Amino acid sequence: MSTTRADTLARHVWPRSAERTPDGAISIGGLDVRALAAEVGTPVYVIDEEEVRTRAREFRAAFTDAFAQIGAQADVYYAGKAFLCTAMARWIHEEGLRLDVCSGGELAVAQRAGFPGALLGLHGNNKSEAEIDAAVAYGVGRIVVDSFEEIERVAQAGRRHGVVVPVMLRVKTGVEAHTHEFIATAHEDQKFGFSIGRGQVKDAAARVLDQRDALQLLGFHSHIGSQIFDTKGFAEAAVRLIRLQLDVAQAHAITLPELDLGGGFGIAYVDSDTPLAFDDMARQLAEIVQRACQEAGTPVPHISVEPGRAIVGPAGVTVYAVGAVKPVQVSDDFVRTYVSVDGGMSDNPRPVLYDADYTCSLASRTSAAEAVATRVVGKHCESGDIVVRNVDLPGDVTAGDLLAVPATGAYCRSLSSTYNYIPRPPVVAVRNGEVRTLIRRETIADILALEGDS
Ligand SMILES: *Cc1c(COP(=O)(O)O)cnc(C)c1O
């Protein structure tokens, strides 16, 4: 059987277990997507459990080892907002990572999973009193504080519960990084963190240190962006944070033992994406931190990082069924084939939100048909409802075929909606040829049940 380019599965984009069966279908975790679609329907988010576990383990080992080389410790907090459910929280815990949550809902999932409170971090720029109270009651290991109001709220919760709450201060370093570029003087004009420039960080630190009966200041935190492919932005942010941390520590004659460099480690969505290997990323970050600390004349603090996408993104594949195929004459000499699938912007809003690129493959068979320029679109009432903007697919793709979109493990289910009253797809885990439902398919009855009597 001859194969078109679209039949090959680029190793850095697909889960390691993804392969073609002898008769041409894609299998993931030892499971043929045709059998999977027959069993649970489409669309479906497929999570390769072994891929999640392996990435978590490799990421943690890379950072632990790289920082041990410079005589320091590093903790890895998985950013739950990328994708979270009870099973996911358990995997993360079993693989030795900690967990960041950023709402009472995410905290409830962590609690349901039995995630130890001491290994949790709580984020968010506007945590409610109830969220802070629940986190303090559960004994979260740290709260990353984002406003002056919150300093008081967390201190009050600490006093209410008779505990000293470990906190970090989120700092607006002015560095913003994305893919291969970073801006050293990014706009201050965004909601997260205390500004360095206006002395806010120092004032906030003083407010925290004034309340040592209820608050313990661990250090500073910054998160510079997402889908980052190199370490230049981290280097700039680390230098600023380490200097600032030393200034504040000296001013108050204390030590600030920890520093969090945030997340944002990039993954490959399409073949041309070339993220750094975990080992290289970790080694470069360790060198950056070591150099910045040497220059500032301060010991290396206990470091933490917060990958979300890098752990779960490449472990997810969405399987859709094709419903309609329409050639569109775009210009005199260019025809684009529009392939409509049974999901779209409600299960993956990233193309609409961020102009994100994805790729896909014909998953239920291979084809010898010549590849044609294709756009895969959803079933929503928006012309911007694009799943894969540009991909070459075999020209004979037809209704009933299955398409698989890789790298949908992060920020797809977690950002999903029920736009157009389309129920959200299930999330299934595959491993060793077995499938397990993590989150069942939503039904129209689920959605209608939210309405009041009418
Ligand atoms: C979103 C976020 C992360 C994770 O970002 P990824 O791009 O998924 O790695 C980490 N830390 C903070 C504070 C975040 O807001």
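In this text the structure is predicted, and so the values were computed from the model without any measurement. Each ligand, and each atom within it, is numbered from 1 in the order the structure gives.
The atoms of ligand 1 that sit less than 4.0 Å from any heavy atom of Ser226 are 7 (O). Within ligand 1, counting atoms from 1 as listed, the ones closer than 4.0 Å to a heavy atom of His123 are 13 (C). Ligand-side atoms of ligand 1 in range of Arg170: 13 (C), range being under 4.0 angstrom from any heavy atom. Per-residue contacts place Ala79 under 4.0 angstrom from the following atoms of ligand 1 (heavy atoms of the residue considered): 3 (C), 4 (C), 10 (C).
Backbone and side-chain nitrogen or oxygen atoms of Arg309 are examined, and one is located within less than 3.5 angstrom of a nitrogen or oxygen of ligand 1. On a distance-only criterion, Ala310 and ligand 1 share no N/O pair closer than 3.5 Å. For ligand 1, the polar-atom distance check finds no N/O of Gln227 at less than 3.5 Å from any of the ligand's N/O atoms. Of the N or O atoms in Pro307, none lie within a sub-3.5 Å distance of an N or O in ligand 1. At least one N or O atom of Glu306 sits closer than 3.5 Å to an N or O atom of ligand 1.
To the nearest 0.5 Å, atom CG of residue Asn390 and atom OG1 of residue Thr374 are 9.5 Å apart. Here the CG-CG distance, from Asn348 to Leu415, works out to 8.5 Å after rounding to the nearest 0.5 Å.
Across Phe229, Phe182, Phe265, a single residue satisfies ring-ring contact (aromatic ring centres under 6.0 Å, His included) together with Phe234, and that is Phe265.
Within a 6.0 Å radius of CG in Asn432, no more than 12 heavy atoms belonging to other residues, nucleotides or ligands are found.
Looking from atom 1 (C) of ligand 1 to the surrounding protein, the closest heavy atom is Lys81 NZ, 1.3 Å. In this structure, the protein non-hydrogen atom closest to atom 8 (O) of ligand 1 is Tyr411 OH, 2.5 Å. The protein heavy atom nearest to atom 7 (O) of ligand 1 is Gly264 CA, 3.3 Å.
Annotation: His123 is not in aromatic contact with His223 [ring centroid separation under 6.0 Å not met].
In terms of heavy atoms, Tyr358 sits closest to Cys412 at OH-SG, 3.8 Å. The two residues Ala268 and Pro275 come nearest to each other via the heavy atoms N-CG, 3.7 Å.
Residue Phe192 places every heavy atom at 4.0 Å or more from ligand 1.
A donor-acceptor contact closer than 3.5 angstrom is absent between the side chains of Arg60 and Tyr78.
Note that Arg142 lies in the cation-pi zone of Tyr77, set by a 6.0 Å cut-off to the ring centre and a 45° limit from the axis.
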